[in-house]
Amino acid sequence: MAETSFFEKVYNVTKQIPYGRVTSYGAIAKYLGAAKSARMVGWALNSSVKHEVPAHRVVNRNGLLTGKHHFGGTNLMQQLLESEGVEVVNSKVQDFKKYFWDPVKEL
DNA sequence: CACATGACTGGAT
DNA sequence: AATCCAGCCATGT
């Protein structure tokens with residue numbers, strides 16, 4: 001991958017998230033070699049909608065859908081996850097550790 | 001150019 | 001166990 005820019009990697013990894021699985025910003029950031037720049041991952045996902053990236057599968061390390069407000073300001077993000085078989089309650093993923101998908105470990 | 005904000009995280013109190 | 005603080009990088013005012 002020559003054109004593997006920070007953003008490109010984020011989109012690439014996020015798009016590879018298996019169905020019914022979720023990951024965290026820190027995991028992606030760490031995979032990119034910038035574990036301390038987790039904020040950048042969120043910023044990159046800010047443009048993810050243009051890349052057709054399922055950002056709804058990306059949540060913070062607590063399993064909380066912090067970015068749901070960027071999905072239309074509704075419970076769309078939660079509905080999407082529930083639709084994939086992920087238990088989500090009050091904008092929070094249940095058994096997050098069970099649904100957690102680590103790119104560093106899986107890739 | 002400087003300050004403030006933000007889809008975060010980890011450690012300290 | 002819960003809350004606060006500091007670090008990181010990019011974008012906006």
Side-chain angles (χ1 to χ4, degrees):
Chain A
M1 315 285 206
E3 304 302 311
T4 39
S5 303
F6 190 90
F7 281 43
E8 291 293 320
K9 288 183 177 179
V10 175
Y11 309 140
N12 186 35
V13 174
T14 307
K15 284 191 282 192
Q16 291 180 69
I17 299 174
Y19 181 92
R21 288 276 196 279
V22 292
T23 190
S24 65
Y25 302 94
I28 297 173
K30 186 172 184 173
Y31 173 71
L32 301 178
K36 294 168 184 171
S37 306
R39 280 188 152 144
M40 285 294 79
V41 178
W43 209 263
L45 290 177
N46 185 9
S47 303
S48 65
V49 284
K50 303 173 185 173
H51 295 251
E52 302 178 14
V53 175
H56 60 271
R57 291 181 183 154
V58 184
V59 295
N60 68 353
R61 83 139 190 114
N62 191 31
L64 186 66
L65 310 186
T66 49
K68 72 168 190 155
H69 192 72
H70 289 263
F71 272 83
T74 59
N75 54 340
L76 175 63
M77 189 173 183
Q78 179 176 323
Q79 294 293 293
L80 288 170
L81 290 171
E82 290 184 313
S83 190
E84 297 190 353
V86 178
E87 293 182 76
V88 182
V89 179
N90 191 16
S91 302
K92 184 177 77 245
V93 177
Q94 304 303 297
D95 298 306
F96 175 62
K97 189 159 56 176
K98 185 172 69 175
Y99 295 111
F100 184 60
W101 178 80
D102 187 345
V104 182
K105 190 174 183 180
E106 299 296 327
L107 301 180

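Residue numbers start from 1 in every chain, and the chains themselves are labelled A, B, ... in the order their sequence lines are given, proteins ahead of strands.
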Expressed in angstrom and rounded to an integer, what is the separation of [X] atom [atom1] from [N] atom [atom2]?
{"X": "Asn60(A)", "N": "dT9(B)", "atom1": "CG", "atom2": "P", "result": "5 Å"}
{"X": "Asn46(A)", "N": "dT5(B)", "atom1": "CG", "atom2": "P", "result": "18 Å"}
{"X": "Lys30(A)", "N": "dG7(C)", "atom1": "NZ", "atom2": "P", "result": "21 Å"}
{"X": "Phe7(A)", "N": "dA10(C)", "atom1": "CZ", "atom2": "C1'", "result": "7 Å"}
{"X": "Leu64(A)", "N": "dT9(B)", "atom1": "CG", "atom2": "P", "result": "10 Å"}
{"X": "Ile28(A)", "N": "dA7(B)", "atom1": "CD1", "atom2": "P", "result": "16 Å"}
{"X": "Met40(A)", "N": "dC8(C)", "atom1": "CE", "atom2": "P", "result": "13 Å"}
{"X": "Trp43(A)", "N": "dG6(B)", "atom1": "CH2", "atom2": "P", "result": "9 Å"}

With a non-hydrogen cut-off below 4.0 angstrom, is Ala35(A) in contact with a base, only sugar-phosphate, or nothing?
nothing
By the 4.0 Å heavy-atom rule, please label Phe71(A) as base, sugar-phosphate, or nothing.
base
Near DNA chain B, which residues from residues 84-107 of chain A have a heavy atom under 4.0 Å away?
none
If you check the Ala38(A) side chain, which of dG6(B), dA7(B), dT9(B) turns out closest?
dT9(B)
With the side chain defined as heavy atoms from C-beta on, Ser37(A) is closest, among dA7(B), dC8(C), dT11(C), to dC8(C)
Contact list for residues 79-100 of chain A, test salt bridge (Lys or Arg N to Asp or Glu O under 4.0 Å), sequence neighbours left out
Arg57(A)-Glu84(A)
Show the nearest heavy-atom pair for residues Val59(A) and Leu64(A), with the distance to one decimal.
CB-O, 3.6 Å
Got a donor-acceptor contact below 3.5 angstrom from the Ser91(A) side chain to the Leu65(A) backbone?
no
Hey, what's the ring geometry for Phe100(A) with Phe96(A), parallel, tilted or perpendicular (30° and 60° as the breaks)?
tilted
Does the pair Val10(A) and Val53(A) meet the rule for a side chain to side chain contact (heavy atoms under 4.5 Å, CB included), with working shown?
CA-CA 9 Å; Val10(A) 175; Val53(A) 175; over 6 Å; no
